[in-house]
Amino acid sequence: MENKVQLKINNLRKRFGTEVVLDGINLTVNKGEVVVVLGPSGCGKSTLLRCMNGLEAISEGEILLDGEKITAGSKEITKLRQKIGMVFQSYDLFPHKNILDNVTLAPIKVQKIPRKEAEERAEKLLRRVGLWKKRKAFPRELSGGQKQRAAIVRALCMNPEVMLFDEVTAALDPQMVREVLNVMLELAEGGMTMVIVTHEMQFARAVADKIIFLEKGKITEEAEPEEFFTNPKTETAKEFLQSFVYEKHKIQ
Amino acid sequence: MQLNWGFMEKYLPMYIDAAILTVKIAFGGILFSLITGFICAIVRYYKIPILNGIAIVYIELSRNTPLLVQLFFLYFGLPKIGVVLSAEACAIIGVTFLGGSYMAESIRSGFESIDKVQLESAASLDLGPWLTMKEVVFPQAIAVSVPGICANVIFLIKETSVVSGIALADLMYVTKDLIGLYYETDEALLMLVIFYLIILLPISIIASVLERRLRYAGFGD
Ligand SMILES: Nc1ncnc2c1ncn2[C@@H]1O[C@H](COP(=O)(O)OP(=O)(O)OP(=O)(O)O)[C@@H](O)[C@H]1O
Ligand SMILES: [Mg+2]
């Protein structure tokens with residue numbers, strides 16, 4: 001893997017009113033690197049991703065994409081959004097557009113790419129996730145897993161340099177989780193730079209180059225997955241990992 | 001009850017003219033109401049500074065004053081400061097002033113019904129406010145807004161009856177006139193009702209068809 005820095009976050013702080021949600025985040029994501037963000041509920045994982053995509057204004061600090069500084073509210077936020085794709089937990093496809101139109105809307109209208117070219121791009125991606133046959137279907141006609149795969153394609157169709165995933169399988173039936181995670185694994189293997197929030201620990205371990213553990217808005221651990229999962233340093237991380245383990249004798 | 005058919009036949013052309021005037025005022029008023037309403041709804045939805053405050057004041061003023069008072073202001077009040085408008089123009093402006101606020105609220109309730117995550121998806125695709133409205137919010141909101149808009153249309157057509165107050169020979173005016181002159185109350189009222197039904201029933205039917213269509217075309221999951 002090249003060691004070119006793709007995304008750098010310096011001393012990022014985010015407040016909601018007086019509540020400090022992100023408290024001095026420093027993070028470097030190299031090109032092609034997959035970073036998985038773990039942490040208990042409410043620790044600020046979603047907020048971190050939303051700041052990275054410019055959905056939340058940052059209170060302090062800066063985000064550098066390809067060395068270019070991006071401050072919230074500035075015009076450059078647009079660059080951030082086009083270079084960083086994001087997929088949310090809830091199926092966020094546009095319900096009144098079919099899958100192909102969902103996927104090609106932004107490339108055509110925002111990036112001003114000719115329709116034909118955008119559709120070719122969409123075809124390649126939709127075939128890759130097995131949804132080309134469903135291109136004329138509306139979101140309501142798709143299963144949850146198919147919708148999430150389409151949402152991933154929609155973000156990919158902008159040719160982003162970084163992809164953000166916020167618990168994209170959390171709302172899915174268990175049998176559909178796999179098909180979505182497989183798409184993400186494939187992307188990772190293809191060299192996509194990704195930041196992933198997930199509660200699928202097996203997946204996190206398999207996909208990550210680096211694990212970030214977030215606790216009350218601070219990064220308390222940053223480690224390789226093997227290291228983190230076998231030998232977490234902080235108590236909270238230990239407890240957190242323990243909460244995914246089921247042992248019969250421990251329940252009274 | 002013995003109806004005076006001869007009377008009704010004689011004054012039918014007058015009713016037809018009056019109906020045409022009523023439709024003209026209603027059509028103009030409704031068209032401009034929709035434009036006003038759409039603009040106000042956008043201003044309110046995006047909370048555009050200053051304009052938002054103006055829109056709120058306008059909406060309250062419009063909804064809490066009777067149309068007749070609004071018309072008197074336009075027709076008798078404005079000339080005092082040198083602005084003289086024809087009765088017809090006053091009527092159309094009056095209906096617009098009243099209808100704009102009702103349309104604004106119906107249209108806005110459609111905008112507000114759109115899930116926040118839809119807006120965030122649009123933002124993350126860098127769609128921007130204009131494209132987000134055009135491609136994401138409006139097409140989904142319209143299904144929610146249409147029943148309210150249709151109800152407003154019917155309400156406004158009925159409200160046009162007060163323009164007789166500024167001496168416009170609409171259906172109501174003709175009816176009152178004929179009753180005053182000839183005491184053929186039953187006939188005059190019957191024709192009034194029939195003409196309103198002729199105008200309103202088709203609109204009502206179109207509205208319910210439209211609503212049903214939009215409901216079945218529902219794309220939400
Ligand atoms: N728009 C907002 N306004 C005020 N507070 C907010 C807002 N969004 C998030 N918060 C607060 O910020 C904190 C972090 O929220 P965030 O959604 O980032 O957590 P999370 O780690 O993603 O949690 P989860 O695992 O449950 O998704 C929470 O305490 C939350 O209440
Ligand atoms: Mg979250």
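Residue numbers start from 1 in every chain, and the chains themselves are labelled A, B, ... in the order their sequence lines are given, proteins ahead of strands.
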Using a cut-off of 6.0 Å, state whether more than 12 heavy atoms not belonging to [X] lie near its atom [atom1].
X	atom1	answer
R178(A)	CZ	no
L201(B)	CG	yes
K83(A)	NZ	yes
K124(A)	NZ	no
R13(A)	CZ	yes
Y58(B)	OH	yes
F32(B)	CZ	no
F73(B)	CZ	no

Pairwise distance [atom1]([X]) to [atom2]([Y]) - rounded to 0.5 angstrom:
X	Y	atom1	atom2	answer
S124(B)	I84(A)	OG	CD1	11.0 Å
K134(B)	K109(A)	NZ	NZ	3.5 Å
Q140(B)	K97(A)	CD	NZ	9.0 Å

Region of [X] in contact with chain B, defined by heavy-atom distances below 4.5 Å:
X	result
L164(A)	neither
N53(A)	side chain
R50(A)	side chain
F94(A)	both

**Study point:** Heavy-atom closest contact (A123(B) atom, L55(A) atom, distance)
**Key:**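 Heavy-atom minimum between the residues: CB-CD2, 3.7 Å.
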
Practice item. Check whether any side-chain heavy atom of V110(A) lies under 4.5 Å from a side-chain heavy atom of L127(B), and answer yes or no. Key: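 With C-beta onward as the side chain, the pair touches.
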
Review point. Side chains of Q118(B) and P95(A): closer than 4.5 Å at any heavy-atom pair?
Key: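 The answer is yes; the side chains approach within 4.5 Å.
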
Exercise for review: Evaluate side-chain contact (heavy atoms from CB on, under 4.5 Å) for R154(A) paired with S121(B), printing each intermediate quantity in order.
Suggested key: CA-CA 10 Å; R154(A) 187 176 63 176; S121(B) 314; 3.4 Å; yes

Point to revise | Side chain, backbone, both or neither of L131(B) within contact of chain A (heavy atoms, under 4.5 Å) | key: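 For L131(B), side-chain heavy atoms alone lie under 4.5 Å from chain A.
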
Check your understanding: Where do L105(A) and E135(B) land on the side-chain contact (heavy atoms from CB on, under 4.5 Å) test, with the steps shown first?
Key -> CA-CA 9 Å; L105(A) 174 68; E135(B) 299 288 338; 3.5 Å; yes

Point to revise | Trace of the side-chain contact (heavy atoms from CB on, under 4.5 Å) decision for L125(B) with R81(A) | key: CA-CA 6 Å; L125(B) 293 169; R81(A) 285 177 171 166; over 6 Å; no

